[in-house]
Amino acid sequence: MCTAVNYKGSSQYFGRTLDISYSYDERVIITPRKYEIKLRHRTDPITSHYAIVGMAAFNEDFPLYYDAMNEAGLAMAGLNFPYNSTYFSPDVENKVLNIASFELIPYVLSLCDSADRAKRLMQDIIITDIPFNKDFPPAPLHWIVSDKKRSIVIEQTKEGLKVYDNPVGVLTNNPPFPYHIENLINYTDLSAENPVRTIPDVLKNSYSFGLGTLSLPGDFSSISRFVRACYVSRNSVPADTERLSVNRFFDILASVSVPYGCVKNDNGDFHYTIYSSCCNLDKGIYYHKTHDNNRIRACRLQNYDLDTSEIILTER
């Protein structure tokens with residue numbers, strides 16, 4: 001369970017909630033420009049690339065990013081996509097690039113400065129089923145990629161890899177992305193204003209504000225969170241300062257966050273919002289707050305030496 005959102009305030013913002021039942025001791029990690037990104041299906045590492053900052057687990061000297069952005073203003077997040085996500089065995093016969101699922105975020109963000117470039121990059125890629133190690137099997141994911149102007153969704157199912165334009169800048173989980181877009185037609189009448197009275201003699205005065213959102217789904221299913229995130233992000237009034245914009249972005253995420261105790265998985269474990277993030281794509285600032293600490297913390301790329309070759313682990 002996760003929700004990712006784009007939002008235009010005083011800058012362009014991108015972020016997500018991570019709703020899960022466990023933690024891998026994730027933290028904000030910076031991959032500087034000269035860190036060698038070693039890929040499982042290539043002998044030559046990527047040695048010169050864009051700097052990346054985001055939330056990741058750090059294992060075997062490799063950042064396993066959940067979501068991140070690069071210094072060029074491109075952001076990306078992987079969201080749970082079980083039952084539909086399909087990874088293939090490496091293809092060694094055709095002229096395609098094999099990328100393991102856990103490599104996709106650092107691979108795209110290290111090389112691309114726009115969603116258009118990322119879309120072109122995906123044309124010759126197969127996402128493979130190789131695990132990171134015995135403790136990290138491939139997670140079933142699909143991905144959202146966003147820059148300052150547009151957003152795309154990457155999904156690999158049994159039919160193959162597909163890249164969709166994302167006009168609403170939102171992604172949750174199952175079903176596949178085309179269903180979510182088609183489902184939005186059921187909610188085109190949602191409004192921040194109270195509805196016009198079609199039977200004026202029956203109700204002369206509304207008993208409440210917010211009646212324009214009566215059909216807005218309030219549950220925690222992925223379909224409902226998609227609709228709710230679209231509505232709230234589209235109706236959030238843009239602010240003209242960084243402080244207000246960031247606060248309003250986290251308000252948007254709060255509308256789809258999962259409180260502890262409200263959702264259980266099939267094993268009986270509670271799914272809840274472990275952390276929420278917000279990337280300022282114009283200024284290179286990564287904000288986040290966690291379930292245990294509601295204080296918003298900021299990591300500014302400009303405060304670090306990005307020309308080093310060693311991973312930078314920020315304080316938890």
Side-chain angles (χ1 to χ4, degrees), residues 1-19 28 53-55 66-69 73-77 79 115 144-151 166-172 180 184 187-188 190-194 208-220 222 224-259 262 272-302:
M1 297 177 63
C2 318
T3 305
V5 176
N6 288 269
Y7 171 68
K8 178 65 178 178
S10 59
S11 295
Q12 185 65 42
Y13 300 89
F14 170 91
R16 59 95 55 84
T17 64
L18 179 72
D19 311 322
V28 178
V53 58
M55 189 69 70
Y66 305 171
D67 64 276
M69 69 173 174
L74 184 67
M76 186 171 180
L79 284 74
I144 180 172
V145 184
S146 300
D147 59 24
K148 302 168 188 177
K149 296 181 179 179
R150 64 175 301 206
S151 177
N166 185 350
V168 295
V170 169
L171 187 64
T172 55
H180 288 292
L184 286 178
Y187 301 93
T188 54
L190 290 174
S191 173
E193 300 179 358
N194 274 358
S208 174
F209 296 114
L211 296 179
T213 62
L214 273 179
S215 63
L216 181 67
D219 60 85
F220 298 114
S222 55
S224 295
R225 283 184 286 107
F226 190 97
V227 174
R228 199 156 65 250
C230 287
Y231 174 79
V232 177
S233 61
R234 288 300 179 94
N235 283 275
S236 181
V237 179
D240 56 4
T241 67
E242 179 74 356
R243 183 184 183 90
L244 281 176
S245 292
V246 171
N247 281 329
R248 287 182 185 173
F249 187 87
F250 279 109
D251 282 345
I252 295 170
L253 294 185
S255 73
V256 291
S257 296
V258 181
C262 292
Y272 63 101
T273 300
I274 298 286
Y275 77 86
S276 303
S277 66
C278 170
C279 304
N280 184 320
L281 302 184
D282 295 302
K283 298 180 179 180
I285 307 174
Y286 185 91
Y287 300 95
H288 80 285
K289 61 180 181 178
T290 66
H291 176 262
D292 297 328
N293 187 346
N294 206 38
R295 180 174 61 90
I296 298 174
R297 285 160 281 182
C299 178
R300 295 172 172 82
L301 277 175
Q302 64 184 17

Taking C-beta and beyond as the side chain, do Tyr13 and Cys279 meet within less than 4.5 Å on heavy atoms?
-> no
Fit a plane to each ring of His180 and Phe226, take the angle between them on a 0 to 90° scale, and name the class: parallel (under 30°), tilted (30 to 60°) or perpendicular (over 60°).
-> parallel
Closest heavy-atom pair and its distance - Thr17, Cys2 = O-CB, 3.3 Å
Backbone of Phe220 reached by a side-chain donor or acceptor of Ser224 within 3.5 Å | no
Taking Ser255 for its side chain and Ile252 for its backbone only, find out whether a donor-acceptor pair lies under 3.5 Å.
-> yes
Looking only at heavy atoms, the pair that brings Met55 and Val28 closest together is SD-N, 3.8 Å
Would you name the heavy atoms of Met69 and Leu281 that are closest together and state the gap between them?
-> SD-CD2, 3.9 Å
dist Phe14:CZ -> Ser146:OG (nearest 0.5 Å) comes out at 5.0 Å
Arg225 side-chain N/O to Val256 backbone N/O, donor-acceptor pair under 3.5 Å = no
Where do Ser233 and Tyr7 come nearest, in terms of heavy atoms and distance?
-> O-CD1, 4.1 Å
Mind checking the SG-OH spacing from Cys278 to Tyr286? Nearest 0.5 Å is all I need.
-> 9.5 Å
CG-OG1 distance between Asp19 and Thr273, expressed to the nearest 0.5 angstrom = 3.5 Å
Steps toward side-chain contact (heavy atoms from CB on, under 4.5 Å) verdict (Ser215, Tyr187) = CA-CA 7 Å; Ser215 63; Tyr187 301 93; 4.2 Å; yes
Those residues that, when tested against Lys289, pass salt bridge (Lys or Arg N to Asp or Glu O under 4.0 Å) (two or more places apart) = none
With sequence neighbours excluded, tell me which residues meet side chain to side chain donor-acceptor pair (under 3.5 Å) with Thr172.
-> none
Ignoring hydrogens and angles, tell me if any N or O in the side chain of Arg300 forms a donor-acceptor pair with the backbone of Gly284 under 3.5 Å.
-> no
Kindly indicate, with the supporting measurements, whether the criterion side-chain contact (heavy atoms from CB on, under 4.5 Å) is fulfilled by Ile285 and Cys299.
-> CA-CA 6 Å; Ile285 307 174; Cys299 178; over 6 Å; no
Measure the CG-CZ distance between Asn6 and Arg234 for me, rounded to the nearest 0.5 Å.
-> 10.0 Å
Checking side-chain contact (heavy atoms from CB on, under 4.5 Å) for the pair Leu171/Thr3: CA distance, chi angles, key distance, verdict?
-> CA-CA 6 Å; Leu171 187 64; Thr3 305; over 6 Å; no
Among side-chain atoms of Ser245 and Ser10, is any donor-acceptor pair under 3.5 angstrom?
-> yes
Arg248 side, atom CZ; Arg243 side, atom CZ - distance, nearest 0.5 Å = 12.5 Å
Between Tyr275 and Tyr66, how do the two ring planes meet: parallel, tilted or perpendicular, split at 30° and 60°?
-> parallel
Considering all heavy atoms of both residues, which atom of Lys283 and which atom of Asn280 are nearest to each other, and what is their separation?
-> N-OD1, 2.9 Å
Strictly under 6.0 Å, is that where the ring centroids of His291 and Tyr272 end up?
-> yes
Phe250 and Ile296: side-chain contact (heavy atoms from CB on, under 4.5 Å), yes or no, with the steps?
-> CA-CA 9 Å; Phe250 279 109; Ile296 298 174; 3.6 Å; yes
Set of residues satisfying salt bridge (Lys or Arg N to Asp or Glu O under 4.0 Å) with respect to Arg16, sequence neighbours excluded = Asp67
Just by modelled atom types, is the Ser11 backbone N or O under 3.5 Å from a matching donor or acceptor in the Asp282 side chain?
-> no
Which distance, rounded to the nearest 0.5 Å, do you find between the OG of Ser257 and the CD1 of Ile274?
-> 11.5 Å
Take atom NZ of Lys8 as the centre, draw a 6.0 Å sphere, and report whether it contains more than 12 heavy atoms from other residues, nucleotides or ligands.
-> yes
Do Thr290 and His288 have side-chain heavy atoms sitting under 4.5 Å apart?
-> yes
Test item: Asn166 side-chain N/O and Val170 main-chain N/O as donor-acceptor pair under 3.5 Å | yes
